[in-house]
Peer 1: 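My questions will all concern the structure given below.
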Amino acid sequence: MRKALITGITGQDGSYLAELLLAEGYEVFGLLRGQSNPKAAWLEQVLPEVRLLTGDLLDLPSLMRAFARADPDEVYNLGAISFVAHSWENARMVADVTGGGVLNMLEAARLHQERSGRQVRFYQASSSEMFGKAQAVPQNETTLLWPRSPYGVAKVFGHHMTVTYRETYGMHASSGILFNHESPRRGREFVTRKITRAVARIALGLQHELVLGNLDAMRDWGFAGDYVAAMHLMLRQDLPDDYVIATGVTHSVREFLDVAFAQIGVGDWSRYVRTSAHLVRPAEVDLLVGDWSKAASVLGWRPKVEFEELVAMMVAADLDAEAHAESTPLLAGRPAPMGPWRPATATGAAAAR
């Protein structure tokens, strides 16, 4: 039985990845920072097979203890402060956790590898935000990195540190340069989930307005469940490398709104949506669209869920979650259900008209 250690286990990627690895017969360990994580109980309920360990990305000794306990064959470093808007308000913390945490994880993996005498395969979650002021369209693994947020800068540090450990110590360390990927498990603070949850609440009569920033922002959006499969494929290769994971297609926030509101029978969403300058990024990224041809040719990977299906999936899950929370108030605020999605109901569509 192979063993895997996942940081960021309670995030959308961590939970999808844990499901995939458990289905592959892995013993899966998840790293939590103390016992105060609000999603810990949720994870224990829906993925009881995952063995949770305590550790902090800023505390190397705690990471070394986690490595000794899990003795992993594979490590997936997904842990980070990943909300880009937050990074301007807390640049130092984001730099320490999202950037410095990668260095601590790499060092813990290197020391454990030396101590155990066994190879540890390492995955680093890099980000399309590293391209920022894009120097080429589409972006691939050789495109110059030009981040435009503290988050992007921290991700660049972690990315280059992963390459450095690979080249210096011969570690099997790979980075996935993932473009935006969403799911019903996405945090509510992210624009995609903010939209789909608001659409569900509008359909149910629980909300009447949605406030957003730049509606013309363009992103390459894919499904998180597809993207974690690419992570696993990277660590199954004989040689480590870096891969862009994307769909190669961009859509604006306006298009996201079109598809989301269509799920509840609303064609003109302008009466529900207004913009605020306070929600616009200080420095917006340029056109981010990924060239995933290397992942296709080397890993045999391709995205399966298309944009419209992804948005419909998220709206349907939020309709279920909000309707359930309304009937059972104690469940309000919990993550969306992890089960299969279904199209929006006729009742939900009628409620929004």
Side-chain angles (χ1 to χ4, degrees), residues 7-8 11-14 57 76-103 123-163 174-183 186-187 189-194 212-214 216-224 226-228 230-231 242-253 256 279-292 295 303:
T7 70
Q12 65 163 1
D13 290 8
L57 292 178
Y76 297 85
N77 185 41
L78 314 182
I81 298 175
S82 56
F83 186 43
V84 177
H86 180 73
S87 71
W88 276 285
E89 300 172 3
N90 295 275
R92 166 55 67 184
M93 181 176 291
V94 169
D96 289 344
V97 175
T98 304
V102 182
L103 174 56
Y123 171 83
Q124 166 57 20
S126 291
S127 169
S128 61
E129 288 286 333
M130 301 189 306
F131 294 120
K133 189 176 181 180
Q135 300 300 292
V137 179
Q139 295 88 47
N140 62 28
E141 294 79 7
T142 63
T143 302
L144 178 68
L145 305 180
W146 195 313
R148 302 199 77 192
S149 68
Y151 170 80
V153 172
K155 280 293 186 180
V156 169
F157 175 87
H159 180 77
H160 283 312
M161 194 59 70
T162 302
V163 173
S174 298
S175 288
I177 306 173
L178 273 56
F179 281 64
N180 291 67
H181 47 291
E182 317 299 324
S183 77
R186 188 57 138 159
E189 67 273 23
F190 291 88
V191 67
T192 51
R193 183 75 194 290
K194 183 178 181 179
L212 298 172
N214 180 11
D216 297 314
M218 303 285 291
R219 294 294 185 272
D220 182 336
W221 277 304
F223 174 50
D226 289 343
Y227 285 31
V228 299
M231 300 176 189
D242 306 321
Y243 298 89
V244 163
I245 305 299
T247 70
V249 180
T250 58
H251 297 276
S252 67
V253 174
F256 199 104
L279 297 178
V280 176
R281 288 187 181 188
E284 182 61 86
V285 299
D286 292 332
L287 181 59
L288 296 183
V289 52
D291 173 3
W292 52 278

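All residue numbers in this chain count up from 1 along the given sequence.
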Peer 1: Which residue, Asn180, Leu287, Leu288, forms the side chain to side chain contact (heavy atoms under 4.5 Å, CB included) with Thr250?
Peer 2: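 The side chain to side chain contact (heavy atoms under 4.5 Å, CB included) with Thr250 is passed solely by Leu287 among Asn180, Leu287, Leu288.
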
Peer 1: Which atoms form the tightest heavy-atom contact between Ser183 and Gln12, and what is the distance?
Peer 2: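 Closest pair (atom of Ser183, atom of Gln12, distance): OG-OE1, 2.6 Å.
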
Peer 1: Nearest 0.5 Å please: distance from the CG atom of Leu145 over to the CD atom of Gln139.
Peer 2: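 Taking CG in Leu145 and CD in Gln139, the distance rounds to 10.0 Å.
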
Peer 1: Once you round to the nearest 0.5 Å, how far does OG of Ser174 lie from OH of Tyr76?
Peer 2: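 Those atoms lie 10.0 Å apart.
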
Peer 1: Would you tell me whether Asp13 and His181 have side-chain atoms, one donor and one acceptor, within less than 3.5 Å of each other?
Peer 2: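 Checked: Asp13/His181 side chains pair up, N/O donor to acceptor below 3.5 Å.
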
Peer 1: For the atom pair CZ (Phe157) and OG1 (Thr98), what is the distance rounded to the nearest 0.5 Å?
Peer 2: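 Going from CZ on Phe157 over to OG1 on Thr98, the span is 11.5 Å.
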
Peer 1: For the residue pair Val289 and Met218, establish whether any side-chain heavy-atom pair is separated by less than 4.5 Å.
Peer 2: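 Contact flag for Val289/Met218 side chains = no.
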
Peer 1: Under a plain distance cut-off of 3.5 Å, with no hydrogens placed, do Glu182 and Thr192 share a side-chain donor-acceptor pair?
Peer 2: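 Yes, because at least one side-chain N or O of Thr192 sits under 3.5 Å from a partner of the opposite role on Glu182.
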
Peer 1: Could you state the interatomic distance from CD (Gln124) to NZ (Lys155), rounded to the nearest 0.5 Å?
Peer 2: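 So the gap between those two atoms works out to 5.0 Å.
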
Peer 1: Nearest 0.5 angstrom please: Asp96 CG to Leu57 CG, how far?
Peer 2: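 Asp96 atom CG to Leu57 atom CG measures 11.0 Å (nearest 0.5 Å).
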
Peer 1: With rounding to the nearest 0.5 Å, note down the distance linking CD1 in Ile245 to OG in Ser126.
Peer 2: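 Between atom CD1 of Ile245 and atom OG of Ser126 there are 11.0 Å.
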
Peer 1: Between Val244 and Phe179, is there a side-chain heavy-atom distance shorter than 4.5 Å?
Peer 2: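 Counting from C-beta outward, Phe179 and Val244 do come under 4.5 Å.
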
